[in-house]
J.: 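Please read through the structure below; I'll follow up with questions.
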Amino acid sequence: MENRELLKVEAVCKNFQSDDHQSDLQVLEDITLNVYKNEFVSIVGQSGAGKSTLLRSIAGLLSPTTGKIIFEDKLLNKPDPNISMVFQHFALFPWLTVEKNIAFGLENNRGLSREQINHRVNNLIEMIGLAGYEKAYPRELSGGMKQRVGFARALATEPSLLLLDEPFSALDIVTAKQLSEDLIDIWLGNQIATKSIIMITHDVQQAVQLSDRIILMDSHPGRIGKIYKVDIPRGKRSIKNIVDAVEEITAELVARITV
Amino acid sequence: MLQTAGIDRKKERVRSAIGNFILLFIIALFVFILVASLIKMNQPLTKLPAQDNLSKKQAVGDFLSVGNLAYFSMRTMFRMIVGMAWSFLFTLVFGVLAVRYKTARRIILPLVNFLESVPLLGFLTFTTTFLLGLFPGNVMGAEAVAVFAVFTGQAWNIMLTLYQTMEVVPSDLADVTTQFKCNAWEKFWRLEFVYSIPGLLWNVVISQTAAWFALVASEQVTATIPNDTNLMLPGIGSYIQIALDRADFIACLWAVFALLINVVLLNFLVFQPLIKASYYFRYDEGTTSSNPPKSIIYDLIEPASLGHWFLAKFEGFKYFWLYRLPKVWYFFKLDFIFRILGKMRRFFTTLWYIVLGIVVIVCAIKLYHFLPHSDFSIIPKLTLYTTIRVVIAMIVAGLIFTPLAVWVASDKRRLSFIQPIGQVIGSIPSNVYTPFIVIFISLGYRQLEWWILPLIMVGCQWYYFFNVIGGYLAIPDDIKEVTKIFPLSRFRWWTQYLIPSILPYIVTAIINAAGAAWNADIAAESIQWGKNTIEVTGLGQYISANDGIKDKSALGTLAMCFVVGLCIAFVWQPLYKYARERFHY
């Protein structure tokens with residue numbers, strides 16, 4: 001496995017102004033974190049631990065108050081075309097068809113002709129399992145299919161880093177399992193340009209099932225609590241042999257809950 | 001199998017042909033209205049008939065012939081369309097400026113809030129002088145007055161809608177546009193504008209009343225050119241005015257009928273299909289109680305091959321609009337200039353307050369010398385009378401139409417049946433009802449006094465009706481279910497569930513209704529019926545009695561603005577803020 005960092009988060013702090021404009025609310029405190037190439041990292045933690053803030057900072061949607069984020073050896077201070085994000089509630093445009101939604105990020109800023117865009121979109125539709133739904137509108141799709149569109153849109157720009165913000169938590173268990181397995185297959189099969197994935201989740205079992213490393217975040221202010229490495233090779237993981245790891249992390253999570 | 005496929009294809013082709021035919025018909029109709037009106041418009045002003053000549057029975061008797069109404073409808077419709085186009089343009093430019101630049105917002109929002117509530121009728125004397133000056137001696141000038149009236153009836157409302165929806169664009173979608181590095185131009189057209197379309201359309205439909213009202217009112221007041229004759233533009237509004245002058249009740253009925261047909265046509269051919277098309281743009285809010293809109297025309301046009309051809313062409317245009325056009329902007333480094341301007345926020349804020357202060361002082365001094373001092377003593381009394389009338393009418397209208405709207409909205413079948421009818425009736429401007437009240441009064445030898453109240457109410461009641469329906473539908477489904485599972489007494493149902501749930505909507509309704517009520521009152525305080533003038537004492541009567549006399553008109557208008565301004569600053573704004581913060585889901 002190639003062991004070079006794709007992303008370096010260095011001593012990042014993030015403050016938000018509180019409602020009364022008097023004091024600052026610290027959301028992230030001194031986050032330092034490396035994500036290597038070909039790595040799947042999950043972030044778990046209590047609600048309000050700043051997971052989303054961290055992910056949005058990496059996406060370039062928020063800028064850190066102090067500290068810096070380095071992506072592909074360059075300082076990151078605005079959204080990077082090589083980073084894409086998948087949203088919990090899909091964030092699809094209701095007025096665009098499936099194919100137009102997927103092409104959303106391709107239409108601007110890139111030197112792609114319309115034929116190239118169509119080609120890429122059609123490939124993704126095949127790969128993600130959306131064939132036959134090209135002309136459908138999001139409201140006509142089930143939750144699972146909507147999130148497939150969400151994944152396809154994020155992957156369309158061929159990002160090397162994919163950010164997932166609780167991508168499966170709005171889906172039922174069976175759909176979530178199927179979709180996550182499909183994602184891993186596509187990723188491991190090198191069908192996409194994506195090198196690494198960062199995922200936020202509340203589901204510890206899912207995190208263990210999918211990840212190489214799991215980062216447990218503490219809250220108020222959000223900081224890195226503990227980091228677990230999943231040793232069982234990804235292909236050999238089953239509900240039975242990951243149960244110890246799941247229990248250990250869950251117990252740790254509960255122990256760290258602050259009221 | 002093969003045969004049925006063949007039949008299906010045949011059916012499809014027939015449906016497409018029908019759709020093409022209807023689409024072409026609608027396009028041709030509106031192109032015809034635009035072109036024909038434009039040709040007729042470019043005439044010297046002296047060609048227009050004067051009100052005094054038309055009012056005499058023996059003179060040019062054919063002005064009131066029913067056959068004229070078709071042509072008049074066309075001209076009125078033309079003004080409506082052009083006025084809407086201007087409102088739309090205004091909305092885009094100033095709505096976006098208000099959202100993007102805090103400095104611009106400081107100026108635009110208070111001004112628009114104020115203009116929204118100020119009755120336009122008070123300003124007619126001044127806008128007329130100005131707009132006639134733009135096209136000296138040409139009918140275009142008079143047309144511009146009427147078009148401007150439509151504009152003032154709608155533009156403010158529509159712009160505020162755009163502003164408000166752009167403020168609440170879902171943050172997820174906004175994140176997606178940022179993530180994919182859309183610039184401000186792309187972000188607006190690909191997200192914010194499309195997201196606002198359903199709301200914008202809905203508001204255009206609701207504010208039609210105000211637009212038709214303004215149109216009917218301004219065709220009949222029109223121009224006092226140098227020798228002080230009232231000129232009549234060909235249109236339904238002037239038709240009504242002449243019918244009133246001649247005390248011709250049958251002609252009044254015909255005019256109302258013609259106006260109704262106009263309203264129905266515009267809704268049926270344009271708004272209903274558009275609303276249905278934009279229904280699919282809606283972002284899900286977790287309420288299922290609203291019915292999907294219906295439109296026969298939309299269903300017929302949908303399979304038209306011509307429509308699909310247009311859409312395909314539109315794709316290419318969209319590409320040009322989104323990605324090619326802004327290059328000009330960036331080529332001239334205009335973004336750079338705007339960024340610098342945006343950075344000088346504090347400078348502009350200070351400048352704005354200084355300029356505002358100076359302007360207010362200068363205007364106050366100038367106005368004080370300009371206004372007729374002799375009338376100062378009577379103005380407070382007139383203002384008080386008018387205000388009392390407006391307030392009473394608004395309260396009564398609210399008490400009747402809020403429960404009515406809740407009753408209608410609470411049942412899906414009832415709603416889908418009554419709402420379209422309400423929309424058509426609601427679009428009829430209040431000044432159309434004048435003849436009926438007049439007949440009633442003159443038959444019974446009564447005074448106008450209290451009979452003015454229904455005339456004000458028809459002007460403002462529909463704002464309650466539509467806003468409350470909207471509010472009821474916006475209550476989340478699970479909250480509605482909770483109130484069903486835990487039955488409340490009638491009294492608690494209203495006080496603890498319904499009124500708090502829809503309070504922001506009621507406040508919006510009151511704000512909208514206030515503007516319309518002032519307008520209706522100003523128009524209704526002095527009515528012509530044949531040779532008789534029926535009036536009540538009030539500001540509206542003062543303004544219409546002094547129509548064309550600038551200093552007195554200014555005084556009346558100013559008094560009105562003063563009251564309206566006080567209401568906005570000390571009642572509506574705080575109430576709205578309170579309702580928004582305290583009662584929302």
Side-chain angles (χ1 to χ4, degrees), chain A residues 19 52 55-56 58-63 78-97 99-114 117-118 135-141 143 146 149-150 153-154 156-157 159 161-163 165-166 170, chain B residues 165 169-201 274 276-288 290 292 302 308 311-312 314-327 330 581:
Chain A
D19 291 336
S52 276
L55 202 72
R56 278 177 166 69
I58 296 171
L61 296 171
L62 299 172
S63 49
K78 57 179 189 293
D80 191 291
N82 281 328
I83 302 180
S84 267
M85 181 149 148
V86 176
F87 296 79
Q88 180 180 6
H89 297 290
F90 323 128
L92 302 178
F93 295 90
W95 49 85
L96 298 180
T97 58
E99 52 182 9
K100 289 273 169 59
N101 257 303
I102 297 175
F104 188 89
L106 295 175
E107 275 182 31
N108 53 335
N109 296 339
R110 292 176 163 250
L112 291 173
S113 70
R114 250 189 269 179
I117 292 178
N118 286 340
K135 304 278 181 210
Y137 285 91
R139 68 180 62 252
E140 296 159 351
L141 303 178
K146 278 184 195 163
V149 180
R153 179 179 63 188
T157 52
L161 177 62
L162 186 63
L163 307 176
D165 185 3
E166 300 191 36
Chain B
T165 36
V169 164
S171 61
D172 269 5
L173 294 186
D175 278 349
V176 173
T177 56
T178 321
Q179 173 87 82
F180 289 124
K181 299 172 88 76
C182 292
N183 58 33
W185 174 262
E186 289 162 14
K187 188 180 175 192
F188 177 73
W189 291 107
R190 298 183 81 181
L191 171 61
E192 291 158 328
F193 175 66
V194 193
Y195 179 77
S196 317
I197 286 179
L200 284 179
L201 263 179
L274 284 179
K276 174 142 191 189
S278 75
Y279 181 72
Y280 302 104
F281 291 10
R282 216 173 31 108
Y283 202 68
D284 275 318
E285 304 113 352
T287 58
T288 52
S290 61
E302 212 262 315
H308 293 285
L311 285 182
F314 179 73
E315 279 298 302
F317 173 73
K318 199 180 84 184
Y319 191 80
F320 167 79
W321 183 256
L322 275 174
Y323 307 113
R324 291 264 173 278
L325 202 60
K327 285 201 172 139
Y330 289 108
E581 278 165 16

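Residue numbers start from 1 in every chain, and the chains themselves are labelled A, B, ... in the order their sequence lines are given, proteins ahead of strands. Note that the coordinates shown come from a computational prediction; the quantities given were computed from them, not determined experimentally.
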J.: Does any heavy atom of chain A fall under 4.5 Å from the side chain of B:T177, the backbone, both, or neither of them?
T.: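 It is both, since atoms from each part get that close.
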J.: Please name all residues satisfying side chain to side chain contact (heavy atoms under 4.5 Å, CB included) with B:H308, sequence neighbours left out, ordered by chain then number.
T.: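 So B:H308 forms no side chain to side chain contact (heavy atoms under 4.5 Å, CB included) with any residue.
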J.: So which of A:S84, A:P138, A:G60 has the biggest tally of heavy-atom pairs under 4.5 Å with chain B?
T.: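 If we count pairs closer than 4.5 Å to chain B, A:S84 comes out on top.
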J.: Please look at A:Y137 and chain B and tell me whether the side chain, the backbone, both or neither of the residue comes under 4.5 angstrom of a heavy atom of that chain.
T.: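 Neither part.
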J.: How many angstroms lie between atom CG of A:D165 and atom CG of B:D172, to the nearest 0.5 angstrom?
T.: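 CG of B:D172 is found 8.0 Å from CG of A:D165.
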J.: Answer with side chain, backbone, both or neither: which region of A:L96 has an atom nearer than 4.5 Å to a non-hydrogen atom of chain B?
T.: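 For A:L96, no heavy atom lies under 4.5 Å from chain B.
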J.: Atom CG in A:L62, atom OG1 in B:T178: separation rounded to 0.5 Å?
T.: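 Output value for this atom pair is 10.0 Å.
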J.: Using non-hydrogen atoms only, which part of A:F90 is less than 4.5 Å away from chain B: side chain, backbone, both, or neither?
T.: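 Neither part.
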J.: Give, as side chain, backbone, both or neither, the part of B:I197 having an atom under 4.5 angstrom from any heavy atom of chain A.
T.: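 For B:I197, there is no contact with chain A at all, as no heavy atom is under 4.5 Å.
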J.: Can you see which heavy atom on B:F180 is nearest to which on A:R153, and at what distance?
T.: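 Smallest interatomic distance, heavy atoms only, reads CZ-O, 3.7 Å.
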J.: Does A:F93 have B:R190 sitting over its ring (NZ/CZ under 6.0 Å from centre, angle to axis within 45°)?
T.: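 Judged by the rule (NZ or CZ under 6.0 Å from the ring centre, within 45° of its axis), B:R190 is not positioned above A:F93.
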J.: So which atom in A:P79 and which in B:K181 form the shortest heavy-atom distance, rounded to 0.1 Å?
T.: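 Reported closest heavy-atom pair: O-NZ, 2.7 Å.
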J.: A:R56 versus chain B, heavy atoms under 4.5 Å apart: side chain, backbone, both or neither?
T.: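 Contact with chain B involves the side chain of A:R56 alone.
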J.: Could I get the full list of side-chain hydrogen bond (donor to acceptor under 3.5 Å, both in side chains) partners for B:K276, not counting sequence neighbours?
T.: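 So B:K276 forms a side-chain hydrogen bond (donor to acceptor under 3.5 Å, both in side chains) with B:D299.
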J.: Considering all heavy atoms of both residues, which atom of A:L92 and which atom of B:L173 are nearest to each other, and what is their separation?
T.: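 Closest heavy-atom pair between A:L92 and B:L173: O-CD2, 3.6 Å.
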J.: Sub-3.5 Å donor-acceptor pair from the side chain of B:Q179 to the main-chain atoms of A:I83, do we have one?
T.: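 Checked: pair present.
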